[in-house]
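All remarks here apply to the structure that follows.
This one's a predicted model, so the numbers in the text were calculated from it and none came from an experiment.
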Amino acid sequence: MGTINIISYYFYLIVTYFWFLVTYMYDQYREFSFVIKVAAISVTICVFIIFYLLFRMMRKSRKRHKVRRIMQDLEKKYGDGIRYIMSEEAPSNMSRDQIIQALNLHESDSTSYASLLKKSKEKLAFCRLVYQERISERAAVGKSKNIQILLNLFELPQYLETVVNNDKMDKKVEAMTMLNAFKLTVSLWLANRMMGSKRNRAKRVASYASIMTNSNNDLEYFESEFFDHNCCKYDEIQLGYILQRRLSSKRAIPNMAHWAHLHPNPDAQCIFIRMMRFFNQREYCSDLEELFLHQADPSVIQEISRTWGYLGYKEAEQNMREMMLTQSDEIKVTIMHALARFNTGESLDAIVDIYLHSGSQRVRYEALRSLYNYGAVGRAKFEELRLKAVEEGDKKLFEFFVNPMSLEDVKLPKNDFYEQMYGDNFYSVS
C-alpha cells in the first residue's frame, strides 16, 4: 500500500468515526431543542479533544523521561571518558585504541562497538552527551579529530545523516547542528534539501553546513536576503566560528565593512562591525566613515564608535566629536570612551564641556571616567574639576574615584577578552 493510500485510508476512517459520533449524539438528544443538541455535541467533542491532548502530553513526557534516563545511564558509563577525550589534558590526536581505553570498553566489545548503542534513543542520547561537552566552557577548542574518532567508533556519523535524511524537522535540525559542531562532513545534497525548508531555523543550519562542507565557498550566505531579514545572535556566533577557522587555516578574512554597507538591516550591520574589532581589521576602518556620518540607527553608530576606539582609528576623531554633540546620552557615552582610548589630547575640551553642561548624572559620571583615563592631561583636568566641585551632587560623582571598591570599575579596560564580552559596560565584572 502506497503512502498516499495509507493517508487516505486513515483520513476517511477519522471522518467516518467523527460523523458517527455526531449522529449518535444528535439521536440521543432528538427530543431537545436544536441549541441543546449543538451544545451537547460541542461539549462531547471538546472532552474528547482534551483527553486526546492529555494523552499526547503524557506520551511526550514519558518519551522525554525515557531519554533523560538513558542519558543518565550513558553519563555514568561514558561521561568521564568523553570529558577526558575533549579536555586539555588529552592528546590532540588520540588513536582509536586510546579512545577505547579512555571509555573503559572491554575487549569482549571489540567486535562491534556500535552494537553497544542498540536503539535509536541511545544513539541520540550519546550524541547529545558529546554535543553538550563540545559546547561547554571546559572543553578544549582543538579536539575535533578525537571527537570524530569517538563518533566513528559507534558509527554515529551515519546515524546522524540518516536522521537528517528521514526524521522529523526538529530532529533534522538538531542532527545537522551536531554535524556542524563535530566538524563532520555533511552531504551537500542533504544541506541543499534542508535549505528548501519553510522553517528559518532549518534553512540557517543547512546554510552553515554547506559553508563548512565546501571550503571554496566564499560566504555567499551572508549576502543573501534570507540572512538580511532573519539574522540573529546565532548567526554572529557562527560567523565568528567560520572566520576563526579561516584564520587558523591561514586564509584571508574578508572585509567586514563591505558587508556592513551591503545590508540595510541594522542588526546585520552591527554583527559585521563587531567582527571587525574581534579580528583586528583596522585597515578597513576608513570604509565605515560614510556609514557613521549618514546612519540614523543609534546601535550602528555605537558599534562603529566602539570599533574605532578599540582599533585606535584616530583619523575619525573630529567626526566623532561633532557627532557626539547631536546624539543621545548612550551614544555620547560610547564616543567619549573611544576618544579616551585615542588619548590624543584633542578631545579633552569636548569631554569637559559635556561634564559641565549635561543634564544627566550618568553622562556626567562617564565624562569624568573618560577624563580619569585620558592620560596625564586628562587626569590633571580631572583633579582641577574635583577641587572646584562645591555642590553635593558633584561631590557624589567624585566619590567613585576615591572608593577602593569602585575604583577598579572606573578604568577603561584594555583586555581584549573583557572588551569582547562586555564592551563598555563598566558594571560588569571581568
Side-chain angles (χ1 to χ4, degrees), residues 260 265-267 269-271 273-274 277 288-289 291-314 316-375 378-379 381-382 384-386 388-401 403 406-414 418-430:
N265 185 345
D267 293 333
Q269 291 174 327
C270 289
I271 287 174
I273 293 167
R274 281 193 289 270
R277 68 173 180 262
L288 296 176
E289 290 185 8
L291 193 63
F292 181 79
L293 294 173
H294 301 99
Q295 175 58 247
D297 192 273
S299 62
V300 177
I301 297 174
Q302 281 185 288
E303 288 300 339
I304 294 175
S305 301
R306 288 192 186 100
T307 299
W308 281 349
Y310 294 152
L311 299 180
Y313 185 65
K314 301 175 183 178
E317 187 166 4
Q318 182 177 349
N319 288 334
M320 294 175 73
R321 282 201 306 271
E322 294 172 358
M323 180 69 72
M324 184 169 59
L325 300 175
T326 60
Q327 295 300 318
S328 64
D329 290 347
E330 289 298 325
I331 296 180
K332 278 187 174 72
V333 169
T334 305
I335 293 178
M336 281 192 296
H337 288 182
L339 296 175
R341 288 186 171 95
F342 291 160
N343 195 17
T344 61
E346 297 178 9
S347 301
L348 189 66
D349 293 338
I351 297 175
V352 172
D353 189 61
I354 286 180
Y355 165 75
L356 295 174
H357 298 101
S358 176
S360 167
Q361 283 292 88
R362 178 175 182 269
V363 173
R364 298 186 72 210
Y365 168 77
E366 293 294 349
L368 289 177
R369 184 183 175 212
S370 300
L371 290 174
Y372 190 86
N373 292 280
Y374 203 93
R379 190 66 64 87
K381 179 61 70 173
F382 173 89
E384 180 184 333
L385 293 171
R386 186 177 66 83
K388 290 181 179 180
V390 292
E391 296 184 7
E392 191 64 28
D394 294 341
K395 290 181 179 179
K396 286 185 176 180
L397 288 175
F398 287 97
E399 287 178 2
F400 284 94
F401 300 87
N403 188 339
S406 59
L407 192 58
E408 284 298 315
D409 293 332
V410 168
K411 298 177 182 177
L412 295 178
K414 298 299 181 184
Y418 183 97
E419 291 174 355
Q420 289 181 21
M421 291 296 293
Y422 301 111
D424 282 333
N425 184 4
F426 68 95
Y427 296 109
S428 301
V429 180
S430 60

- [ ] Classify the ring geometry between Tyr372 and Phe401 as parallel (under 30°), tilted (30 to 60°) or perpendicular (over 60°).
- [x]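 Judged by the thresholds at 30° and 60°, the geometry between Tyr372 and Phe401 is tilted.
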
Rounded to the nearest 0.5 Å, what's the gap from [atom1] on [X] to [atom2] on [Y]? Could you check?
X	Y	atom1	atom2	result
Leu348	Leu339	CG	CG	10.5 Å
Asp349	Ile354	CG	CD1	11.5 Å
Ile301	Met323	CD1	CE	5.0 Å
Thr307	Arg277	OG1	CZ	4.5 Å
Ser299	Asp267	OG	CG	6.5 Å
Ser305	Tyr310	OG	OH	10.5 Å

If you take all heavy atoms of [X] and [Y], which pair is closest and at what distance?
X	Y	value
Ala350	Arg321	CB-CD, 3.9 Å
Leu288	Ala260	CD2-CB, 4.4 Å
Tyr374	Asn343	O-OD1, 3.0 Å
Ile331	Gln327	CD1-OE1, 3.3 Å
Ala338	Gly309	CB-CA, 3.7 Å

Answer yes or no: is there a side-chain heavy-atom contact under 4.5 Å between [X] and [Y]?
X	Y	answer
Val300	Cys270	yes
Arg369	His337	yes
Asp394	Tyr355	yes
Tyr313	Met320	no

Open item on the list: I'd like to know whether Gln269 forms a side chain to side chain contact (heavy atoms under 4.5 Å, CB included) with Leu291, so could you lay out the CA-CA distance, the side-chain angles of the two residues, the decisive distance to 0.1 Å, and finally the verdict.
Closed with: CA-CA 10 Å; Gln269 291 174 327; Leu291 193 63; 3.8 Å; yes

Task: Ion pair check, Glu366 and Lys332, cut-off under 4.0 Å - done: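 Judged by the 4.0 Å cut-off on N to carboxylate O distance, Glu366 and Lys332 do not form a salt bridge.
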
Task: Residues Lys314, Glu317: salt bridge by 4.0 Å N-O rule - done: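 Answer for the salt bridge query: no.
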
- [ ] Apply salt bridge (charged side-chain N to carboxylate O under 4.0 Å, His left out) to Lys395 and Glu399, showing your working.
- [x] CA-CA 6 Å; Lys395 290 181 179 179; Glu399 287 178 2; over 6 Å; no

Task: Step-by-step side chain to side chain contact (heavy atoms under 4.5 Å, CB included) determination, Ile351 to Leu368 - done: CA-CA 8 Å; Ile351 297 175; Leu368 289 177; over 6 Å; no

Open item on the list: The criterion is side-chain contact (heavy atoms from CB on, under 4.5 Å); which residues satisfy it with Asp353, sequence neighbours excluded?
Closed with: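 If we apply the side-chain contact (heavy atoms from CB on, under 4.5 Å) test to Asp353, skipping adjacent residues, the hits are His357.
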
- [ ] Report the residues that fulfil side-chain contact (heavy atoms from CB on, under 4.5 Å) with Ser360, sequence neighbours left out, ordered by chain and then residue number.
- [x]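 If we apply the side-chain contact (heavy atoms from CB on, under 4.5 Å) test to Ser360, skipping adjacent residues, the hits are Asp329, Ser358, Arg362, Val363.
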
Open item on the list: Test side chain to side chain contact (heavy atoms under 4.5 Å, CB included) on Arg274 and Arg306; report intermediate values, then the result.
Closed with: CA-CA 9 Å; Arg274 281 193 289 270; Arg306 288 192 186 100; over 6 Å; no

TODO: Report yes or no: do Arg364 and Gln361 form a side-chain donor-acceptor pair below 3.5 Å?
DONE: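 Arg364 vs Gln361: donor-acceptor pair found between side chains.
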
- [ ] Output yes when a side-chain donor or acceptor of Thr334 lies under 3.5 Å from a complementary backbone atom of Gln302, and no otherwise.
- [x]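 Not confirmed, Thr334 side chain does not pair with Gln302 backbone.
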
Open item on the list: If you take the centroid of each ring, where Trp contributes its six-membered ring, are Phe292 and Trp308 closer together than 6.0 Å?
Closed with: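 So the answer is yes for these two rings.
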
